[in-house]
Chemist: 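First, the structure itself, so that you have it in front of you.
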Amino acid sequence: MRRAASARVADTRRTVTNGVAVSAFVLIVSVALAFVLVRGLSRSLEVLGEAAAHVRQTRDYTTRARKTADDEFGALTDAFNEMLAGIQARDEALEATGRTSRPPSPSGPASSRIATGRCASCSTTSIRPS
C-alpha cells in the first residue's frame with residue numbers, strides 16, 4: 001500500500017513540475033512576443049511622428065515618411081504621404097499663379113536635426129500627382 005501511495009505522490013510531483021515548467025516557458029515566450037510587437041508598433045509611430053514634426057517645423061511638404069510595415073501603420077503612413085503630396089501640389093499650383101498659401105517658416109530654437117533640415121526617418125523625394 002505504501003508503495004502505491006509513494007508512486008502516486010511521485011507521479012503527482014512530476015505532473016506539477018511539468019505543469020510549472022510549461023507555464024514558465026509559455027510566460028517567457030509571451031513576454032518576448034509582447035516586447036517584439038510593442039517595439040515594432042512604437043517604431044512605426046516614431047517614424048511617422050518624426051516626419052510630422054519635421055514638416056511642422058520646416059514647412060517642407062516634399063518630405064515623405066518612410067513606410068516601415070505593410071499593416072495599419074503602413075496605411076497611415078501612405079495616407080500621411082498622400083496628404084503631403086496634395087499640399088505640395090496645391091502649393092505648386094498657387095505658386096504658378098503667383099499666390100502662396102505657405103506661411104513663413106517658424107523661427108526660434110529648434111532641435112539641430114530639424115534646424116538643419118534633416119529628418120532621419122524622412123525622405124525628400126518629390127511625388128508629383130499625375
Side-chain angles (χ1 to χ4, degrees):
M1 185 100 131
R2 284 185 160 227
R3 201 176 278 165
S6 273
R8 279 190 169 229
V9 167
D11 188 41
T12 302
R13 283 187 179 151
R14 271 192 303 274
T15 302
V16 168
T17 302
N18 288 342
V20 168
V22 167
S23 297
F25 176 75
V26 167
L27 179 66
I28 290 169
V29 169
S30 298
V31 167
L33 285 175
F35 178 75
V36 168
L37 286 173
V38 166
R39 187 172 178 199
L41 293 176
S42 65
R43 181 64 188 142
S44 294
L45 287 176
E46 181 182 333
V47 166
L48 194 56
E50 285 178 0
H54 179 76
V55 170
R56 184 183 69 241
Q57 293 289 329
T58 63
R59 307 277 191 241
D60 178 10
Y61 299 112
T62 62
T63 299
R64 300 295 181 261
R66 184 173 35 91
K67 189 173 179 179
T68 58
D70 286 325
D71 56 6
E72 289 82 2
F73 290 112
L76 181 63
T77 302
D78 287 341
F80 179 78
N81 287 337
E82 288 173 16
M83 178 186 68
L84 288 176
I87 294 170
Q88 179 186 1
R90 182 201 65 197
D91 279 0
E92 289 172 355
L94 288 172
E95 286 174 6
T97 62
R99 298 180 303 178
T100 182
S101 68
R102 184 179 296 179
S105 288
S107 60
S111 70
S112 61
R113 176 176 49 92
I114 299 298
T116 59
R118 288 178 296 176
C119 177
S121 58
C122 304
S123 69
T124 54
T125 305
S126 178
I127 299 176
R128 304 235 183 240
S130 51

Chemist: Using modelled atom types only, decide if a donor and an acceptor are shared between the side chain of Asn81 and the backbone of Ala65 within a distance under 3.5 Å.
Modeler: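 Yes; at least one donor-acceptor contact below 3.5 Å.
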Chemist: Search all heavy atoms of Phe80 against all heavy atoms of Ala51 and return the closest pair with its distance.
Modeler: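 Looks like CE2-CB, 4.0 Å.
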Chemist: Distance check, rounded to the nearest 0.5 Å: Leu45 atom CG versus Thr77 atom OG1?
Modeler: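 Leu45 CG to Thr77 OG1: 8.5 Å, rounded to 0.5 Å.
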Chemist: According to side chain to side chain contact (heavy atoms under 4.5 Å, CB included), who are the partners of Val31, at least two apart in sequence or on a separate chain?
Modeler: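 Result, side chain to side chain contact (heavy atoms under 4.5 Å, CB included) vs Val31: Leu27.
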Chemist: Output every pair passing salt bridge (Lys or Arg N to Asp or Glu O under 4.0 Å) with a member in residues 19-31, not counting sequence neighbours, ordered by first then second residue.
Modeler: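 Sorted pair list comes back empty.
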Chemist: Could you identify which residues cluster with Val16, counting Ile, Leu, Val, Met, Phe, Trp and Tyr as linked when any side-chain heavy atoms lie under 4.5 Å apart, either directly or through a chain of such contacts?
Modeler: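 Under the 4.5 Å side-chain rule, Val16 groups with Val20.
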Chemist: What's the shortest heavy-atom distance between Leu84 and Thr63, and which atoms?
Modeler: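 It is CD1-O, 3.1 Å.
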Chemist: Going by side chain to side chain contact (heavy atoms under 4.5 Å, CB included), name the residues that satisfy it together with Arg14, two or more places apart in sequence or in a different chain.
Modeler: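 Applying side chain to side chain contact (heavy atoms under 4.5 Å, CB included) to Arg14 gives Ala10, Asp11.
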Chemist: What's the separation between atom CG in Leu48 and atom CD in Glu46, rounded to the nearest 0.5 Å?
Modeler: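 Nearest 0.5 Å value for the CG-CD distance: 11.0 Å.
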Chemist: Using a 4.5 Å cut-off between side-chain heavy atoms of Ile, Leu, Val, Met, Phe, Trp and Tyr, which other residues end up in the same hydrophobic cluster as Leu37?
Modeler: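 Besides Leu37, the cluster holds no residue at all.
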Chemist: Could you list the residues that satisfy side chain to side chain contact (heavy atoms under 4.5 Å, CB included) with Thr68, not counting sequence neighbours?
Modeler: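 For Thr68 the side chain to side chain contact (heavy atoms under 4.5 Å, CB included) partners, ignoring immediate neighbours, are Ser44, Val47, Arg66.
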Chemist: For Val29, give me all partners under side chain to side chain contact (heavy atoms under 4.5 Å, CB included), at least two apart in sequence or on another chain.
Modeler: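 Here the qualifying residues are Phe25, Leu33.
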Chemist: What salt bridge (Lys or Arg N to Asp or Glu O under 4.0 Å) pairs are there with at least one residue in residues 75-89, not counting sequence neighbours?
Modeler: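 As it turns out, the salt bridge (Lys or Arg N to Asp or Glu O under 4.0 Å) pairs with a partner in residues 75-89, which skip direct neighbours, are Lys67-Asp78.
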Chemist: Could you state the interatomic distance from CG (Asp71) to CG (Leu41), rounded to the nearest 0.5 Å?
Modeler: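 Answer for the CG-CG pair, Asp71 versus Leu41, is 7.5 Å.
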Chemist: Could you pull out the closest heavy-atom pair between Arg59 and Arg56, with the gap in Å?
Modeler: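 Smallest interatomic distance, heavy atoms only, reads NH1-O, 3.1 Å.
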